[in-house]
Amino acid sequence: SVTSLLLHIGQAMLEEEAQEAEREKMKYMEENCPGLSIPDSMQDLQDLCRKLHKQIDLVDEERYDMEIKVNKSNKEIDDLKIMVQDLKGKFKKPALRKVRMSADAMLAALLGSKHKVSLDLRANLKQVKKEVKEEEKQTGDWRKNVEDKSGMDGRKKMFETEA
């Protein structure tokens, strides 16, 4: 019962606001847009067209100015919202974009242009020389090697050279 009464009152208020808006619109139209009377002669018609074009240009300029003011106000509102969030301490992290950047460029961005830091990762690494295995050093006929190691004498020689 109370909710239905509130809904009924709210609906009546909405209808009243809509009627008021319609009355204001009609009043504005009567003041700013007089009735259109189309002239008979060609010259009068051209003059009317020029007059209407001038009015259109003025309205466009006003619309542009208003749009700029609205955009400026919206930017100020966004800046103030960010300031309020910073003051509260609760900050929503924005979605980050992936950026391809070298390590040098990243350090320059973090430290500024004052510090010239070169990040050469290979400079700090040890130099390792490859050791050539003895088997690779022995170049020759492989068949001769196999014949030397064949039989019991060959196996005995093989164990003696490894130990």
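Grouping the Ile, Leu, Val, Met, Phe, Trp and Tyr side chains by contacts below 4.5 angstrom, directly or via other members, places Met29 apart from Val59.
Using a 4.5 Å heavy-atom threshold, the side chains of Asp79 and Glu76 count as separate. Put simply, the side chain of Glu67 reaches to within 4.5 Å of the side chain of Arg63, judged on heavy atoms.
Taking CG of Asp57 as the start and CD of Glu62 as the end, the distance is 11.5 Å to the nearest 0.5 Å. Summarising the geometry, atom CG belonging to Asp60 is positioned 11.5 Å from atom NE2 belonging to His53; distances are rounded to the nearest 0.5 Å. Note that CG of Leu87 and CG of Leu80 are 10.5 Å apart. Values are rounded to the nearest 0.5 Å. Distance check, rounded to the nearest 0.5 Å: CD of Glu30 to NZ of Lys27 gives 10.0 Å.
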Could you pull out all donor-acceptor pairs under 3.5 Å where a side-chain atom in residues 41-49 meets a protein atom, sequence neighbours excluded?
| from | atom 1 | to | atom 2 | distance (Å) |
| --- | --- | --- | --- | --- |
| Ser41 | OG | Asp44 | N | 3.3 |
| Ser41 | OG | Asp44 | OD2 | 2.9 |
| Gln43 | NE2 | Asp47 | OD1 | 3.4 |
| Asp47 | OD1 | Arg50 | NH1 | 3.3 |

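In Ile38, the CD1 atom is not crowded: 12 or fewer heavy atoms of neighbouring residues, nucleotides or ligands sit closer than 6.0 Å.
Applying the side chain to side chain donor-acceptor pair (under 3.5 Å) test to residues at least two apart or on different chains, the pairs with a partner in residues 10-23 are Glu20-Arg23.
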